[in-house]
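Just below is one structure, and these are the notes that go with it.
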Amino acid sequence: MADVMGTLQRARTLELQVQMQLEHIEMIHRIARRMRESTSYAQETAEKLARLEAQLNDTVDQMCDAKREALRFVSYLSGEERSVIEGYYILAKNWDKLALELYMSERRVFLLRKSGLAKLMDRYGRNAPETASDGARI
């Protein structure tokens, strides 16, 4: 069983990792479009892109699993607390952007994060809810 904070943090970390890998792949695509003079260079670039895209696919799969698990916890929350927890941990937004999008102060966002996490800890303790093989909670 994974702990609540570990699950939420894993979802955020993988989201950020996917964003970084996408930026890297886009940069290589831009470079590849500019460099068409050398056939060997083009082949090397294509092979590198294929490796990076395969790695990205693996990371996206892991991210989807992590987000699904994190959303099991977050679904317990509602309202502003849920918006803050989802925005930070699931969508990997930073605090100031989240506050701006939710039309509230950063202080309010921090307080909602604290109260949301406290509710999750009270509800689930440090451990994730047990699930049956079909995904239903036990």
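Since we're looking at a predicted model, the values are computed, not measured. Quick note: numbers below take in every heavy atom, side chains included, and nothing from hydrogens, waters or symmetry partners.
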Next item on the list: Go through the structure and list residues passing side-chain hydrogen bond (donor to acceptor under 3.5 Å, both in side chains) with Asp58, not counting sequence neighbours.
Entry: none

Note to self: If I take atom CG from residue Asn57 and atom CD from residue Gln62, how far apart are they, to the nearest 0.5 angstrom?
What the structure shows: 11.5 Å

Margin query: Show, in sequence, the C-alpha distance, side-chain angles and deciding distance for Leu8 and Leu120, and conclude whether the side chain to side chain contact (heavy atoms under 4.5 Å, CB included) test is met.
Written below: CA-CA 11 Å; Leu8 293 173; Leu120 291 176; 4.1 Å; yes

Item checked: Minimum-distance pair of heavy atoms, taken over all atoms of Leu102 and Ser83 -> CD2-CB, 4.0 Å

Margin query: Do Gln19 and Leu22 make a side-chain contact, defined as non-hydrogen atoms from C-beta onward lying under 4.5 Å apart?
Written below: no

Margin query: Side chains of Val4 and Met121, heavy atoms from C-beta outward: is any pair under 4.5 Å?
Written below: yes

Item checked: Smallest separation among heavy atoms of Ala66 and Leu14, with atom names -> CB-CD1, 3.7 Å

Next item on the list: Measure up the Tyr76 and Tyr124 rings against each other and bin them: parallel (under 30°), tilted (30 to 60°), perpendicular (over 60°).
Entry: perpendicular

Check: With hydrophobic residues grouped by side-chain heavy-atom distances under 4.5 Å, do Ile85 and Met5 end up in a single group?
Finding: yes

If you look only at distance, which donor and acceptor atoms sit under 3.5 Å apart when one is on a side chain in residues 46-54 and the other is two or more places apart or in another chain?
residue : atom : partner : partner atom : Å
Glu47   : OE2  : Gln43   : NE2          : 3.4
Glu53   : OE2  : His29   : NE2          : 3.1

Checklist line | Counterpart residues, side chain to side chain contact (heavy atoms under 4.5 Å, CB included), relative to Lys97 (two or more places apart) | finding: Asn94, Glu101

Notebook entry, point to check: Linking I/L/V/M/F/W/Y whenever their side-chain heavy atoms sit closer than 4.5 Å, directly or via other members, would Trp95 and Leu117 fall into one cluster?
Noted result: yes

Notebook entry, point to check: Does the pair Asp122/Lys119 count as a salt bridge with the N-to-O cut at 4.0 Å?
Noted result: no

With a 3.5 Å cut-off and sequence neighbours excluded, list the donor-acceptor pairs that the side chains of residues 106-115 form with protein atoms.
residue : atom : partner : partner atom : Å
Arg108  : NH2  : Glu80   : OE1          : 2.6
Arg113  : NE   : Tyr89   : OH           : 3.3
Arg113  : NH2  : Tyr89   : OH           : 3.2
Ser115  : OG   : Glu81   : OE2          : 2.6
Ser115  : OG   : Leu111  : O            : 3.3
Ser115  : OG   : Leu112  : O            : 3.2

Next item on the list: Check Val74 against Arg82 and note the closest heavy-atom contact, atom names and distance.
Entry: CG1-CG, 3.7 Å

Note to self: Once side-chain hydrogen bond (donor to acceptor under 3.5 Å, both in side chains) is applied, do any residues pair with Thr59, and if so which ones, sequence neighbours excluded?
What the structure shows: Gln21

Next item on the list: Rounded to the nearest 0.5 Å, what's the gap from CD1 on Ile90 to CZ on Phe73? Could you check?
Entry: 10.5 Å

Notebook entry, point to check: Can you tell if the side chain of Met104 reaches within under 4.5 Å of the side chain of Leu98, non-hydrogen atoms only?
Noted result: no

Next item on the list: Could you name each residue pair satisfying salt bridge (charged side-chain N to carboxylate O under 4.0 Å, His left out) that touches residues 7-25, not counting sequence neighbours?
Entry: Glu15-Lys67

